[in-house]
Amino acid sequence: MSTNSSTHIIVIGNEKGGTGKSTIAMHLAVRLMYENFKIAVLDLDGRQGSLSKYIANRHKYAEQNDIVLPTPVHYVFEPDDNQSNIPEITKLIEDLKQQFDAIIIDTPGTKNYLFELAHKYPHTLVTPIGDSLVDLSVIADIDYASGEILRAGHYAEFVWEAKKHLAAQGLPYLNWVVCGNKISPIRSRNKDAVFAKLEDLGKLYGFRFTTGLKDRVIYKELFLEGLTVLDFNHDKLSRKMSMSHLAAKMELNSLAEFIFH
């Protein structure tokens, strides 16, 4: 990602809750800010508000510890019955594009009009996914007895429609990245089968797959303080980096490099 290009819009999306979208959104935002990019984030899952809570925790930690932490400009929206906030969100995104290098949009885990609106904008779409067959079903329905792909999953079908919309607007080809998240550190036949199938599905549906982030307690602990694994290099953070922190940081950096290159 270059500061010389137009504003890059990154949507974190999956039509399934609990995949860790907010954790990835926050870590990507902070990583880009440490690289001196100007970042804004939109939490379109305001009813649950995980990303908004993460940012609120970060502001609180910084204030209590008299430390300056890179924190993105943040907006949050909830769905309403009349969809009356669509014009406000649309105008906001256009305004932010004049001010920031990147906009990161965190989406709900179920399809609603805010979920659909977010998918009209991305240059990059990041889809966190677990290592279970249930998680895989949003990408494809598969007959596991034969290994045959029966049909595209509901989210893959939705992304295909989003790609057609983006192409009609003259936007570049969508950089769709599917990344493992909350992945068990224990190797299993099931996990190997899911990952192998995702590699194959990427060629069919037009996404790049990477194994992503393991299921580490450290991510849950850092959420409560609003910190990320990238903050441990901060010269005023009086905390030591453990082996778990270091491993998580390496995973996150590898994921970011994969997404943006």
Side-chain angles (χ1 to χ4, degrees), residues 10-31 41 43-45 47-55 57-58 104-111 115 118 124-140 142 153-156 159 176-199 201-202 207-232 242-259:
I10 305 158
V11 170
I12 317 296
N14 188 345
E15 202 174 336
K16 183 182 184 302
T19 57
K21 293 187 294 294
S22 299
T23 297
I24 287 181
M26 186 66 170
H27 276 77
L28 288 180
V30 170
R31 187 183 193 277
V41 299
D43 183 356
L44 297 189
D45 192 16
R47 188 161 290 168
Q48 181 170 336
S50 297
L51 180 58
S52 297
K53 292 171 186 173
Y54 206 146
I55 291 174
N57 291 344
R58 190 171 181 83
I104 298 177
I105 305 176
D106 191 21
T107 63
T110 55
K111 188 190 291 185
F115 178 95
T124 293
L125 172 63
V126 180
T127 299
I129 193 167
D131 54 4
S132 74
L133 301 179
V134 173
D135 287 66
L136 184 58
S137 67
V138 301
I139 304 294
I142 298 170
H154 51 279
Y155 186 63
V159 173
W176 184 16
V177 174
V178 175
C179 64
N181 196 31
K182 299 184 177 182
I183 300 302
S184 170
I186 301 172
R187 185 169 183 179
S188 69
R189 183 184 304 174
N190 176 76
K191 181 169 69 174
D192 290 347
V194 169
F195 285 178
K197 191 59 69 175
L198 282 167
E199 292 282 2
L201 290 169
F207 62 79
R208 296 182 297 131
F209 172 69
T210 181
T211 52
L213 308 182
K214 291 186 174 65
D215 187 15
R216 298 182 184 277
V217 174
I218 189 62
Y219 291 119
K220 301 178 181 68
E221 293 175 345
L222 291 174
F223 173 87
L224 298 174
E225 296 177 307
L227 297 175
T228 73
V229 295
L230 305 171
D231 293 314
F232 284 77
S242 67
M243 291 301 294
S244 177
H245 290 119
L246 183 59
K249 181 180 177 181
M250 291 173 64
E251 286 176 356
L252 188 281
N253 282 330
S254 294
L255 174 59
E257 291 296 324
F258 185 89
I259 290 170

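Note that the structure is a prediction, hence the values are computed from the model and not measured.
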[atom1]/[X] to [atom2]/[Y] distance, rounded to the nearest 0.5 angstrom?
{"X": "L230", "Y": "L222", "atom1": "CG", "atom2": "CG", "answer": "10.0 Å"}
{"X": "F232", "Y": "S242", "atom1": "CZ", "atom2": "OG", "answer": "7.0 Å"}
{"X": "I105", "Y": "L51", "atom1": "CD1", "atom2": "CG", "answer": "11.5 Å"}
{"X": "S22", "Y": "K53", "atom1": "OG", "atom2": "NZ", "answer": "9.5 Å"}
{"X": "E251", "Y": "T210", "atom1": "CD", "atom2": "OG1", "answer": "10.0 Å"}
{"X": "E221", "Y": "L227", "atom1": "CD", "atom2": "CG", "answer": "11.0 Å"}

Does T124 form a side chain to side chain contact (heavy atoms under 4.5 Å, CB included) with W176? I'd like the steps, not just the answer. CA-CA 6 Å; T124 293; W176 184 16; over 6 Å; no
Side chains of T127 and N14: do they bring a donor and an acceptor to under 3.5 Å? no
Could you check whether S52 and D43, counting side-chain N and O atoms only, form a donor-acceptor pair closer than 3.5 Å? yes
Pair D131 + K214: basic N to acidic O under 4.0 Å: no
Got a salt bridge between R58 and D231, using NZ or NE/NH1/NH2 to carboxylate O under 4.0 Å? yes
Is it true that a side-chain atom of [X] and a backbone atom of [Y] form a donor plus acceptor pair closer than 3.5 Å?
{"X": "N57", "Y": "G226", "result": "no"}
{"X": "N181", "Y": "T19", "result": "yes"}
{"X": "K182", "Y": "G18", "result": "yes"}
{"X": "Y155", "Y": "G13", "result": "yes"}

Please determine whether the number of non-hydrogen atoms from other residues, nucleotides or ligands lying under 6.0 Å from atom NZ of K16 exceeds 12. yes
Shortest non-hydrogen contact between [X] and [Y], atoms and distance:
{"X": "K21", "Y": "G109", "answer": "NZ-CA, 3.7 Å"}
{"X": "D135", "Y": "G130", "answer": "OD2-N, 2.9 Å"}
{"X": "A118", "Y": "V11", "answer": "O-CG2, 3.4 Å"}
{"X": "A248", "Y": "R216", "answer": "CB-CD, 3.8 Å"}

Less than 4.5 Å apart, side chain to side chain, heavy atoms only: is that true for [X] and [Y]?
{"X": "C179", "Y": "V126", "answer": "yes"}
{"X": "L201", "Y": "L136", "answer": "yes"}
{"X": "D45", "Y": "Q48", "answer": "yes"}
{"X": "L213", "Y": "I183", "answer": "no"}
{"X": "L125", "Y": "F207", "answer": "no"}
{"X": "L28", "Y": "I259", "answer": "yes"}

Walk me through it: do K220 and D215 pass the test side chain to side chain contact (heavy atoms under 4.5 Å, CB included)? CA-CA 9 Å; K220 301 178 181 68; D215 187 15; 3.1 Å; yes
Could you walk me through whether F223 and M26 pass the side chain to side chain contact (heavy atoms under 4.5 Å, CB included) test, one step at a time? CA-CA 10 Å; F223 173 87; M26 186 66 170; over 6 Å; no
Option passing side chain to side chain contact (heavy atoms under 4.5 Å, CB included) with T228 (candidates H27, K249, R31): H27
Could you please spell out the steps behind the side chain to side chain contact (heavy atoms under 4.5 Å, CB included) verdict for V194 and L133? CA-CA 7 Å; V194 169; L133 301 179; 3.6 Å; yes
How are the rings of F209 and F195 set to each other: parallel, tilted or perpendicular (split at 30° and 60°)? tilted
